[in-house]
Amino acid sequence: MAGDKDTLLGMGFDPARVEWALKATGNRGLQPAMDHILENESQPVPSAENVSESSAPAPSAMDVDEDEEDAEALRSLGGVTANVVEAKSIKCSECGKIFKNTALAEFHAEKSGHDQFEESTEEVKPLTEEEKKERLAELRAKMAEKRSRKTIEEAAEQKANEQLRRKAGKDLHKVREDLQAKEAIKEAQQKKRDKIEEAKARAAVKAQIEADKKARAEKAAREKALREGLPIEDAGASTLAAAAPHPGASTSGVAGKDFKETRLQIRMSTGGQPYTTSLPSDSPLSAAAEFLAAQTLTVSVETVTFAQHFPRKTFSRSDFSKSLRELGLTPSAVLIATP
């Protein structure tokens with residue numbers, strides 16, 4: 001590549017930098033060597049032993065200067081003569097451009113796609129020192145413009161990537177906030193349900209305590225009547241008599257036998273939270289047993305028994321086939337279950 005070296009030396013570059021550029025670019029041509037010199041003009045020239053040949057691929061047509069006249073100028077700056085005998089130049093028959101040697105003609109053919117060339121006796125006039133300086137200044141300006149354009153493109157790309165990163169971060173933050181809000185709503189709803197259940201449980205316990213007090217008072221009254229020889233009043237009969245309407249009076253409300261559903265609260269004899277359900281009044285007592293067995297594994301439909309504290313009563317296995325209405329559990333009742 002003596003032609004490239006002579007051209008670069010003719011442009012006024014330092015010989016050591018020319019040798020460095022040609023070796024570093026692997027003698028791939030004038031344009032890569034020119035780019036290397038301009039890019040490293042502020043760097044000190046390393047020793048020849050420390051210079052390794054670049055493994056970059058040969059430049060494509062898009063990597064070199066797009067102006068054919070710049071390529072001609074690079075060759076003409078070195079004063080390289082064509083290796084011809086009679087002709088002084090090579091002329092493109094399609095566009096009329098004159099080239100000093102075959103290398104420049106081939107370069108022109110590769111870029112323009114022209115394939116019609118002929119030898120010419122016209123001589124390519126060498127550039128003056130002033131023209132050389134002008135061409136060199138133009139080349140450096142183009143190189144600076146290319147670097148500036150590349151810097152702007154990199155900055156724009158970096159900005160776009162940063163915007164994408166921020167948007168992704170905002171989206172992730174919003175998803176987390178939505179999940180936290182949903183969890184807070186679920187927790188509040190669960191607390192509300194727990195409070196309602198606790199209130200129901202306290203009310204059931206309170207009602208059971210009152211029922212137990214009343215049963216104890218009735219028992220004490222009966223025992224006292226037996227001791228004193230007084231007639232024993234049936235509390236259940238008196239209650240029914242008080243509740244029965246007068247034959248001539250109009251009835252208001254619905255009689256107990258007309259309730260379609262029966263609300264049951266089932267408490268375990270072993271303790272624990274009561275179980276509440278509503279069953280059709282015509283359902284057998286075994287339906288309550290099946291409901292309880294579905295709630296806890298300690299209960300079996302075949303062995304569980306039910307009892308009432310008030311009025312005090314224990315239901316036998318034959319009662320399990322009777323309806324809740326027949327057993328007097330309508331419209332509501334509290335049962336004590338023994339596994």
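Just so we're clear, the structure is a prediction, and the values are computed from it rather than from any experiment. Every heavy atom of this structure was used, including side-chain atoms; hydrogens, water molecules and symmetry mates were not.
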Quick one: CZ on Arg17 to NE2 on His36, what's the gap to the nearest 0.5 Å?
9.5 Å
Mind checking who shares a hydrophobic cluster with Val205, ILVMFWY linked at side-chain heavy-atom distances under 4.5 Å?
Ile209
How far does CG of Leu104 sit from NE2 of His108, to the nearest 0.5 angstrom?
11.0 Å
Is a side-chain donor or acceptor of Thr338 paired with a backbone partner of Ser269 at a separation under 3.5 angstrom?
no
Under the side chain to side chain contact (heavy atoms under 4.5 Å, CB included) test, residues paired with Ala33 that sit two or more places apart:
Leu8, Ala21, Leu22, Thr25
Sequence neighbours excluded, which residues qualify as side-chain hydrogen bond (donor to acceptor under 3.5 Å, both in side chains) partners of Glu19?
Lys5
Which pairs pass salt bridge (Lys or Arg N to Asp or Glu O under 4.0 Å) with one or both residues in residues 328-339, sequence neighbours excluded?
none
Sequence neighbours excluded, every pair satisfying salt bridge (Lys or Arg N to Asp or Glu O under 4.0 Å) that has a member inside residues 272-292:
Asp282-Arg325
Side-chain donor-acceptor pair under 3.5 Å between Arg193 and Gln190, yes or no?
yes
I'd like to check the salt bridge (charged side-chain N to carboxylate O under 4.0 Å, His left out) partners of Arg165; sequence neighbours left out, ordered by chain and number.
Glu162
Quick check: does any side chain N or O of Asp171 sit under 3.5 Å from a backbone N or O of Ala168, one acting as donor and the other as acceptor?
no
Under the rule for side-chain hydrogen bond (donor to acceptor under 3.5 Å, both in side chains), what residues qualify as partners of Glu157, not counting sequence neighbours?
none
Please report the C-alpha distance between Arg147 and Glu39 in whole Å, then the side-chain angles of each, then the deciding distance to 0.1 Å, and finally whether the side-chain contact (heavy atoms from CB on, under 4.5 Å) criterion is met.
CA-CA 10 Å; Arg147 291 176 180 172; Glu39 290 175 358; 2.9 Å; yes
Residue pairs involving residues 298-313 (criterion side chain to side chain donor-acceptor pair (under 3.5 Å); sequence neighbours excluded)
Thr296-Thr298
Remaining members of the apolar cluster that contains Leu329, side-chain heavy atoms under 4.5 Å:
Leu264, Ile266, Met268, Tyr275, Leu279, Leu285, Phe291, Leu292, Val299, Val304, Phe306, Phe315, Phe320, Leu324, Leu327, Leu335
Before you tell me yes or no, could you show the steps for Lys167 and Gln163 under side-chain contact (heavy atoms from CB on, under 4.5 Å), namely the whole-Å CA-CA distance, both residues' side-chain angles and the distance that decides it to 0.1 Å?
CA-CA 6 Å; Lys167 184 178 184 302; Gln163 290 177 347; over 6 Å; no
Tell me every residue that passes side-chain hydrogen bond (donor to acceptor under 3.5 Å, both in side chains) with Asn161, counting only those two or more places apart in sequence or in another chain.
none
Spatial distance of atom CZ (Arg267) from atom CD1 (Ile336) [nearest 0.5 Å]
5.0 Å
For side-chain contact (heavy atoms from CB on, under 4.5 Å), just list the numbers for Gln43 and Trp20, CA-CA rounded to whole Å, side-chain angles, deciding distance to a tenth of an Å, and then say yes or no.
CA-CA 11 Å; Gln43 302 295 328; Trp20 177 24; 4.2 Å; yes
Show your working on side-chain contact (heavy atoms from CB on, under 4.5 Å) between Glu210 and Lys213 and close with a plain yes or no.
CA-CA 5 Å; Glu210 293 296 330; Lys213 287 182 179 179; 4.3 Å; yes
Check side chain to side chain contact (heavy atoms under 4.5 Å, CB included) between Leu172 and all other residues, then give those that pass, not counting sequence neighbours.
Arg176
Determine yes or no for a side-chain-to-main-chain donor-acceptor pair under 3.5 angstrom, with Ser148 supplying the side chain and Ala144 the backbone.
no
Value for CZ (Phe259) from OG1 (Thr330), rounded to nearest 0.5 Å, stands at 8.5 Å
Among Ser89, Cys92, Ser120, exactly one meets side chain to side chain contact (heavy atoms under 4.5 Å, CB included) together with Phe99. Which residue is that?
Cys92
Sub-4.5 Å side-chain heavy-atom contact between Val334 and Gln208:
yes
Atom pair CZ/CG of Arg216 and Asp212 - distance to nearest 0.5 Å
5.5 Å
CD1 on Ile90 to CD on Glu119, rounded to 0.5 Å
7.0 Å
In chain order, what residues pass the side-chain hydrogen bond (donor to acceptor under 3.5 Å, both in side chains) check against Lys174, with sequence neighbours excluded?
Asp178
